[in-house]
Amino acid sequence: MRVGFGVLGPVVAWDTDADGRAIALKGPRHRAVLARLIVARRRVVPVSRLVEDLWTAPPPGAVGAVRTFVAALRRALEPDRPPRAPARLLVTEGPGYALRADADAVDAWRFEQDVAAAATLPPDGALPRLEEALGRWRGPAYAEFADEGWARGERSRLAELRLHAVERQAEARLALGRAAEAVPDLEAHLAEHPWREGAWRALALALYRTGRQGDALAVLRRARTLLVEQLGLDPGPELRRLESDILAQAPHLAPATARGGGAAQVWADAAAAYDRTVASGARTRLESTVGLLRDLSMTGGGGLLTARRQRVAAVAAAEELGDPELTARVIGAYDVPAIWTRLDDPEQAATIVAAAERTLAALAAGPGAPDDGLPGVEPPDHGEPSGQETDQESADHEASGHEAPHHREPDHTAPDHKPTGHGTPGPGTSERVVTGHEAPGRGATAYEAPGRVARGHADTGHGAPRRGASSPGVGGREVTGRWVSGREAVGRGSSAPGGDGRGAPGHSTFGRGTAGEAATRHDAIRARLLATVAVESRGGHSGRGRQAARQAEEIARRLDDPALLAFALNGVFMQSFDRAGLAPRRDATGAELIALSARHGLVAFEMLGHLIRLQARSALADFASADRHAAAAERLGERHERPLVRVFTEWYRALRLAATGRADEAEAAYRDAATRLDDAGMPGLERGLLPLALLCLRVGRGRPAPTDPELDWGPYAPWARPLVLLARDRRAEAAAALRTVPEPPRDLLLEALWCLTGRAAIALGDRETMARARTALAPAAAELAGAGSGLLTLGPVSRHLADLGG
């Protein structure tokens, strides 16, 4: 169990492996002991000092009481520690105790790290770090120990650092032309701390830059009054100089143009005008907010974390208004493409899915819902929905040669087969044969755009732009995935800031019009909800996500809406893991996304398509093609300022080293790539990934698993544990652990986790588990195990099948 500690507010602890479940700390003296050890910052605190700090007049037996408190804390913080085993977290050392928490385990320590890091960054890098740092505060530091002498100095130090962070945050916003955003926080800051002249100066400057010169001067007069009347001090030279400059409208007070130039000024002016003219409670603000959050999620880790938090709040606010169509637009407008198949925040995803399902049901029951004969809305994902094929039926359907609608793979054995752009040749086949031709006129991206639609696909209009298609000149909305990038072109069915869903001029699907247009609008917003359900339900075993993906795709093709189809295909991709060996199908989806996005300016989904094909071609050992897709994704990411693209391409290059037998270089590359995850804002990708990659590297070379007890296996612990125990020569425990290993999630690591299970079963002679692994892996016999993730591999699946007796 990984434990996190919170002291920026009441003292708390939580289990980070259980989505932040609170750990009971018993009484106030238990919390006082814990808080005192955190104040010591990993140093030993003698028992005698603890006694002095806990009691003004220590009672008889105080030393024994402290030991009792420590024992209770150990039981709470390390519940799985065997009897008489030494503690690893709250340790006894010399005359006292120390809390050996990791550097990122305490919110106050992480706050300090973020503030220090922000001081070394330019404003656009510093701002997200400061926002994240300030978001950790839940109240005054060490709140219940305000009167304790041992806490007083630390509380004062942290409080001063917080004030500095608030002011540094305001400065970063001013430097980035976001003066209007700085005003509310500065006003609240000065209401509590009116003696900080730097904050008064920043507030006056922010007001001036938002066109409120009179308010700026009033703020400076108020500062002078407070300082003179209550402290007997005249304002400092900076405040006096600023007042003179505002009166003279000095040119240097205009927003800095060194970073952003005219764009920064346009942003500041537009933001100020919006803030003045659109009422604070207006519904359109919700839709504008979601548009901003969607863009924010593409800017890097801090932006992604903030966007995820605020997205849930925006959906909840929309639901409170009781307008299902508004709620649908707020949910569906956040069409941030996803590439990684493990959720960053399962609880949040479940909240979004539940809201989408409620909204689907409300739309189906409301007036104007068209009777289009499509499958009805299913209940939330609590099991197999009525009428939905089961997993076994799906597997039988695949085995019979029938692919899911619109995703049939071409028959490479047919003598007259011609490339369709969605072909999926095996390893060694030239990708040029698959794609048919290079995309003309876009040499800078160097992607391969398919020339035709795969058999079974409805016409998506890959010719001239049509009514409702997004203009190639509109930017693209970017990818998460766990990976995130650009800003998608606003097409039919998506909502632009301002809330009316305008895409290409004259082609709104949310405006008022004929009954036919209303039905189209209804279908478009329903498809976005279904695509959201598909994307946010990834990795599960229920068929609801697959059903939602198919419905969203069917509607998008029928409406002939490129932006909507791209989002729906993202859902199709996320639901294409119902069995092993589906890399060819995902390759076809990626190929269509590239072609569709390149024609209609959907940059985010174009990058997504390249990353999907990078994964699929890696699974098929076609590294020449995967290299081209990695390079194309990086070029698009650099051009459109999407920093998280390189997280995936650097991990891919480590995988490539591993797959080509350069294990030592691969290990070093994996460790370097892991450093990019620290601030990526993708815990679903980060946790446990480096240990898993190193384990796969060792297993692929026939070496035992790493046994370092400090390794955090994250969500992959159940599949690693049997091999780790075997490496420690604890066969009986390994066999018991293998019997409890669950079926792997349906995601990009499906084959890798089955191979790890199979290797443990082979070592232990567990024939039943060997047979299960063999059956699960058989469809992927032509692939590299795990390489479909684009991150790691255990070598050819065929080799594992041979060892399993297949």
Identify, with sequence neighbours excluded, every residue that meets side-chain hydrogen bond (donor to acceptor under 3.5 Å, both in side chains) alongside R653. E634

Between the main-chain N or O of T707 and the side-chain N or O of R728, is there a donor-acceptor pair closer than 3.5 Å? yes

Could you tell me whether a side-chain N or O of D345 sits under 3.5 Å from a main-chain N or O of Q348, the two making a donor and an acceptor? yes

All pairs passing ring-ring contact (aromatic ring centres under 6.0 Å, His included) where residues 686-715 contributes a residue, at least two apart: none

Please confirm whether the backbone N or O of A737 pairs with a side-chain atom of T740, one donor and one acceptor, at under 3.5 Å? yes

Is E743 salt-bridged to R772, cutoff N-O under 4.0 Å? no

Strictly by side-chain hydrogen bond (donor to acceptor under 3.5 Å, both in side chains), give each pair with a member in residues 751-761 just once, sequence neighbours left out. R759-H800, R759-D803

Between the side chain of R81 and the main-chain N/O of A85, is any donor-acceptor distance below 3.5 Å? yes

Do R2 and D15 meet the salt-bridge criterion of a basic N to acidic O distance under 4.0 Å? no

Please check this pair: side chain of R676 against backbone of V647, looking for a donor-acceptor N/O pair closer than 3.5 Å. no

Is the backbone of L657 close enough, under 3.5 Å, to the side chain of T660 for a donor and an acceptor to pair up by distance? yes

Does the W651 side chain pair with the main chain of G790, one donor and one acceptor, at a distance under 3.5 Å? no

Is the backbone N or O of R88 less than 3.5 Å from a side-chain atom of E78, with the two atoms forming a donor-acceptor pair by type? yes

Does some side-chain heavy atom of L777 sit less than 4.5 Å from a side-chain heavy atom of C755? yes

Note: R617-D587 ion pair, threshold 4.0 Å (strictly below): yes

Side-chain donor/acceptor of S789 to backbone N/O of G786, under 3.5 Å: yes

Return yes if some donor-acceptor pair links the side-chain N/O of D578 with the main-chain N/O of R746 below 3.5 Å, else return no. no

With S597, the side chain to side chain contact (heavy atoms under 4.5 Å, CB included) member among L608, L636, L602: L602

For E686, give me all partners under side-chain hydrogen bond (donor to acceptor under 3.5 Å, both in side chains), at least two apart in sequence or on another chain. none

Which residue pairs satisfy the side-chain hydrogen bond (donor to acceptor under 3.5 Å, both in side chains) criterion with at least one member in residues 692-703, sequence neighbours excluded? none

Could you give the side-chain donor-acceptor pairs of residues 791-799 under 3.5 Å, partners two or more places apart or in another chain?
{"residue": "T793", "atom": "OG1", "partner": "A785", "partner atom": "O", "Å": "2.9"}
{"residue": "T793", "atom": "OG1", "partner": "G795", "partner atom": "N", "Å": "3.1"}
{"residue": "R799", "atom": "NH2", "partner": "L794", "partner atom": "O", "Å": "3.0"}

